[in-house]
Amino acid sequence: MLSNKRIQELELVMEFEQVEECFKEVSSWIENVGRKRLKETINLDDSLEILLQAQKQFREFDLIASEYCRRGQEALKKMDRWEDFSSVDVHSYRVKLQTYKDQLEEFCTQLDENRHRICETVRLYEFFDKVRQGICCTEEGINS
């Protein structure tokens with residue numbers, strides 16, 4: 001039984017090394033591109049026109065970022081079996097796996113929050129724009 005368990009652990013290590021390339025690619029993109037682009041969406045402008053342009057740019061980024069999130073999540077699913085192993089030999093791999101998982105979850109959550117915030121901000125600006133237009137039309141009617 002011990003021999004079988006050890007063989008399974010070694011197979012997992014080999015599998016981890018294959019999947020780790022995907023983790024490294026996703027992690028590198030998150031750190032070098034993703035986080036920077038998310039920071040750019042923190043301060044949204046006061047103009048509806050500029051906000052709509054920012055939303056369009058974010059949607060393009062969101063498509064790419066969502067693909068990286070999906071790829072990272074698929075790679076993590078391949079490593080679900082690590083939960084069953086607790087030996088000292090696989091501990092360092094579990095730590096790496098947890099680091100990748102935490103990074104991916106944090107980024108995907110921030111992406112979702114920014115997507116929602118931008119959408120709600122645009123909706124709010126559109127509402128205020130309609131209200132402003134309504135007030136202008138009402139003032140014109142009163143002045144005529």
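Because only heavy atoms are used, hydrogens play no part in the values below, and waters and symmetry mates are left out as well, while side chains stay in.
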Rounded to the nearest 0.5 Å, what separation is found between the OG atom of Ser47 and the CD atom of Gln53? 9.0 Å
If you measure from the Lys or Arg side-chain nitrogens to the Asp or Glu carboxylate oxygens, is any gap between Arg71 and Glu25 under 4.0 Å? yes
Please lay out, stage by stage, how Gln98 and Asp102 fare under the test side-chain hydrogen bond (donor to acceptor under 3.5 Å, both in side chains). CA-CA 6 Å; Gln98 188 62 47; Asp102 292 345; 2.7 Å; yes
Ile64 vs Glu67, side chain to side chain contact (heavy atoms under 4.5 Å, CB included): CA-CA, chis, key distance, verdict: CA-CA 5 Å; Ile64 296 166; Glu67 177 62 21; 5.7 Å; no
A side-chain contact here means heavy atoms from C-beta on lying under 4.5 Å apart; do Glu20 and Met79 qualify? no
Looking only at heavy atoms, the pair that brings Gly72 and Phe23 closest together is O-CE2, 4.1 Å
Side chains of Cys22 and Lys78, heavy atoms from C-beta outward: is any pair under 4.5 Å? no
Below 4.0 angstrom, N of the basic side chain to O of the carboxylate: do Glu31 and Arg35 qualify? yes
Once you round to the nearest 0.5 Å, how far does SG of Cys119 lie from CG of Leu124? 11.5 Å
Compare all side-chain heavy atoms of Glu105 with those of Cys69 and state whether any distance is below 4.5 angstrom. no
At what distance, to the nearest 0.5 angstrom, does CG of Leu104 lie from OG1 of Thr109? 9.0 Å
Is any side-chain heavy atom of Val33 closer than 4.5 Å to one of Tyr68? no
Quick one: sort the Trp29 and Phe107 rings into parallel, tilted or perpendicular, breaks at 30° and 60°. perpendicular
Arg123/Glu126 salt bridge by N-O under 4.0 Å criterion: no
Exam field: side chain Arg117 to backbone Thr41, donor-acceptor pair closer than 3.5 Å: yes
Short side-chain to backbone donor-acceptor contact, Asp62 and Phe58, under 3.5 Å: no
Starting at CZ of Arg132, measure out to OH of Tyr125 and round the result to the nearest 0.5 Å. 12.5 Å
CD of Gln103 to CD of Glu106, rounded to nearest 0.5 Å, is 8.0 Å
So how far is it from Phe128 CZ to Gln133 CD, rounded to the nearest 0.5 Å? 14.0 Å
Between Val19 and Leu76, does the side chain to side chain contact (heavy atoms under 4.5 Å, CB included) criterion hold? Intermediate values first, please. CA-CA 9 Å; Val19 175; Leu76 285 172; over 6 Å; no
Could you walk me through whether Arg37 and Glu40 satisfy the side chain to side chain contact (heavy atoms under 4.5 Å, CB included) test, starting with their C-alpha distance in whole Å, then the side-chain angles of each, then the deciding distance to 0.1 Å, before giving a yes or no? CA-CA 5 Å; Arg37 291 289 305 271; Glu40 292 172 4; 3.5 Å; yes
Below 4.0 angstrom, N of the basic side chain to O of the carboxylate: do Glu74 and Lys77 qualify? no
Walk me through whether Tyr100 and Val26 qualify under side chain to side chain contact (heavy atoms under 4.5 Å, CB included). CA-CA 9 Å; Tyr100 289 129; Val26 170; over 6 Å; no
